[in-house]
Amino acid sequence: MTATVRTDPALVKVALGARSYDIVIGRGVIASLGARIAALRPGAKSFIVTDDNVARYVLADAEAALTRAGVAASRVIVPPGEASKSYRVLEQVCEAIIASRIERGDLVIALGGGVIGDLAGFAAAVVRRGLDYVQAPTTLLAQVDSSVGGKTAIDSALGKNLIGAFHQPILVLADTALLDTLPEREFRAGYAEVAKYGLLGDAAFFAWLEANWRDVFSGGPAREQAVAACCRAKAAIVASDERETGERALLNLGHTFGHALEAACGFSDRLLHGEAIAIGMALAFEFSARRQGLVSKAAAARAARHLAEVGLPTRIQDVPGPPPSVDQLMDLIAQDKKVRRGMLTFILVRGIGAAFIEAGVDAREVRAFLSEKLAER
Ligand SMILES: NC(=O)c1ccc[n+]([C@@H]2O[C@H](COP(=O)([O-])OP(=O)(O)OC[C@H]3O[C@@H](n4cnc5c(N)ncnc54)[C@H](O)[C@@H]3O)[C@@H](O)[C@H]2O)c1
Ligand SMILES: [Zn+2]
């Protein structure tokens, strides 16, 4: 671990009326887990859901923080990885919560990355028809994206995140020091979502990232600032469109191309989600530049340059192994999205920080674009 310089944690509010909550961001804030829970829900018991990796690095500190504040805690530890977002593991988690006599008024704590947040959040949504829960995200992706906004889910055999619920947490506690033990590749993949906030809606933040990304990676004060900026952006979008009927879809910049690539790789280690999204965002910029010249070629190149600079892939050819075919990618895009009369909805860009929702993208145009991209060497 790098030396811990304690500064005041950053606070971001998610304004959702009676379901409003705070996001607390800072190095070392996990030590305040128990005290914050005791203040929010005096007398409540807690139940931690975590995975083996997180248990190794973080569980002892989290449990100590709860004990110090007099918050009773029991727990379940599940295997790491997407495979835990399954009916089988959900059942184990729900049964463990019930066996620990967690009742309405008590709390579930999701201590882990996006897999744990989605799984524990969904368990909390359904056990006893809904328990309160706290997100304690431990990956960069979870701190800037999945822990905020209340989307919870497990996977169906037919697709990711198809069994789920909107269920907002009562607190998000993002300790940026916990990211020090995250494998570098996971950190970098999570950074794709950080860059996404700049690319979709905040050109000044993107320019700041171009100047400060090294400090974000090494765990200096810029890391906390970056996580806080992303949470502010996500909180604002969620507050205005909690259930994704409009603006929240902007958060899917790069995700149509990205999901197709992830699926083509069988959601394997060949391509992590954030890596797929980095390629997807580079493609979304290029596609926008090609299509009616929405964005300048220079801006598209600048977006890709920054992603490549931090070590993220930006071209389909960067994915190790044999590339997917155009047919395969188009099939996967059609599965991911409703195609209405040959038209697809895409998040396109007018410039860096200026994404918009375009419902009338001709599937033939997408096919032609991807054919060109796949033909490049
Ligand atoms: N709900 C949402 O809004 C939303 C948004 C984006 C993504 N997601 C979901 O998030 C999931 C991906 O999340 P993720 O990228 O965090 O993956 P993850 O939870 O699998 O974590 C990645 C790896 O890092 C390990 N890890 C976690 N914290 C660690 C730490 N501090 N030190 C060392 N290792 C640690 C984990 O054990 C795992 O092996 C996907 O299932 C995706 O669908 C949900
Ligand atoms: Zn994503």
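As the structure lists them, so they are numbered: ligands from 1, and atoms in each ligand from 1. All values derive from a computational prediction rather than experimental measurement.
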Under the side chain to side chain contact (heavy atoms under 4.5 Å, CB included) rule, what do Ile116 and Val78 come out as? Steps first, then yes or no, please.
-> CA-CA 9 Å; Ile116 291 300; Val78 306; 3.6 Å; yes
Is the shortest distance from a Lys or Arg side-chain nitrogen in Arg36 or Asp22 to a carboxylate oxygen in the other one below 4.0 Å?
-> no
Numbering as shown, the atoms of ligand 1 that approach Asp118 to under 4.0 Å (heavy-atom distance) | 1 (N), 2 (C), 8 (N), 9 (C), 43 (O), 44 (C)
Minimum-distance protein heavy atom relative to atom 39 (O) of ligand 1 | Asn53 ND2, 3.1 Å
Here the atoms of ligand 1 under 4.0 Å from any heavy atom belonging to Tyr57 are 32 (N), 33 (C)
Give the numbers and elements of all ligand 1 atoms closer than 4.0 Å to a heavy atom of Pro80.
-> 37 (O), 39 (O)
Return the residue, atom name and 0.1 Å-rounded distance of the protein heavy atom closest to atom 21 (O) of ligand 1.
-> Thr139 CG2, 3.6 Å
Nearest non-hydrogen protein atom, atom 41 (O) of ligand 1 = Glu82 OE1, 2.5 Å
Determine whether the side chain, the backbone, both or neither of Glu193 has a heavy atom under 4.0 Å from any heavy atom of ligand 1.
-> neither
Should Lys85 and Val89 be marked as a side chain to side chain contact (heavy atoms under 4.5 Å, CB included) after you check the CA-CA gap, both sets of side-chain angles, and the distance that decides it?
-> CA-CA 7 Å; Lys85 281 174 61 175; Val89 177; over 6 Å; no
Going through the distances and angles, do Asp155 and Phe267 end up as a side chain to side chain contact (heavy atoms under 4.5 Å, CB included)?
-> CA-CA 12 Å; Asp155 300 332; Phe267 296 98; over 6 Å; no
Taking only heavy atoms of Thr181 into account, list the atoms of ligand 1 that are under 4.0 Å away from them.
-> 30 (C), 31 (N), 32 (N), 33 (C)
among protein heavy atoms, the one nearest atom 7 (C) of ligand 1 is Leu141 CD2, 3.7 Å
Protein heavy atom at shortest distance from atom 14 (P) of ligand 1 = Gly114 N, 3.5 Å
What one should report as the nearest heavy-atom pair of Gly351 and Val295 is CA-CG2, 3.5 Å
Among all protein heavy atoms, pick the one closest to atom 6 (C) of ligand 1 and tell me residue, atom and distance.
-> Asp145 OD2, 3.6 Å
Backbone or side-chain N or O of Val115 under 3.5 Å from ligand 1 N or O = yes
Basic-acidic side-chain contact under 4.0 Å: Arg367, Asp327 = yes
Would you check whether Pro183 has a nitrogen or oxygen atom less than 3.5 angstrom from a nitrogen or oxygen atom of ligand 1?
-> no
Closest approach of Ala308 to Thr314 (non-hydrogen atoms, all atoms of both residues) = N-CG2, 3.9 Å
Per-atom contacts of ligand 1 with Lys234, taking only distances under 4.0 Å to non-hydrogen atoms | 3 (O)
Any side-chain hydrogen bond (donor to acceptor under 3.5 Å, both in side chains) involving residues 91-113? Give me the pairs, sequence neighbours left out, ordered by first then second residue.
-> Ser74-Ser100
Classify the contact between Lys85 and ligand 1 as side chain, backbone, both or neither, using a heavy-atom distance cut-off of under 4.0 Å.
-> side chain
Does CD belonging to Glu184 count more than 12 external heavy atoms closer than 6.0 Å?
-> no
Asp180 and Arg223 ion-paired at < 4.0 Å = yes
So OG1 of Thr176 and CD1 of Ile25: to nearest 0.5 Å the spacing works out to 8.5 Å
Going by the order shown, which atoms of ligand 1 are within less than 4.0 Å of some heavy atom of Val54?
-> 27 (C), 28 (N)
Can you tell me if an N/O/S atom from Glu193 lies under 2.8 Å from the Zn ion (ligand 2)?
-> yes
What atoms of ligand 1 come within less than 4.0 Å of a heavy atom belonging to Asp51?
-> 36 (C), 37 (O)
What is the closest protein heavy atom to atom 35 (C) of ligand 1, and at what distance does it sit?
-> Leu182 CD1, 3.6 Å
In ligand 1, which numbered atoms sit nearer than 4.0 Å to a non-hydrogen atom of Thr138?
-> 27 (C), 28 (N), 29 (C), 30 (C), 31 (N)
Verify whether one side chain among Glu244 and Asn252 offers a donor that lies under 3.5 Å from an acceptor in the other.
-> yes
Salt-bridge test for Glu275 and Arg185: reply yes if a basic N is under 4.0 Å from a carboxylate O, no otherwise.
-> yes
Select one of side chain, backbone, both or neither to describe which atoms of Asp52 lie under 4.0 Å from any atom of ligand 1, heavy atoms only.
-> neither
Atom 4 (C) of ligand 1 [closest protein heavy-atom partner, distance rounded to 0.1 Å] | Ser146 CB, 3.2 Å
Say whether Tyr191 and Tyr197 are linked into one hydrophobic cluster, either directly or through other cluster members, by side-chain heavy-atom distances under 4.5 angstrom.
-> yes
If you measure from atom 22 (C) of ligand 1 to every heavy atom of Glu186, His255, Glu244, which option wins on shortest distance?
-> Glu186
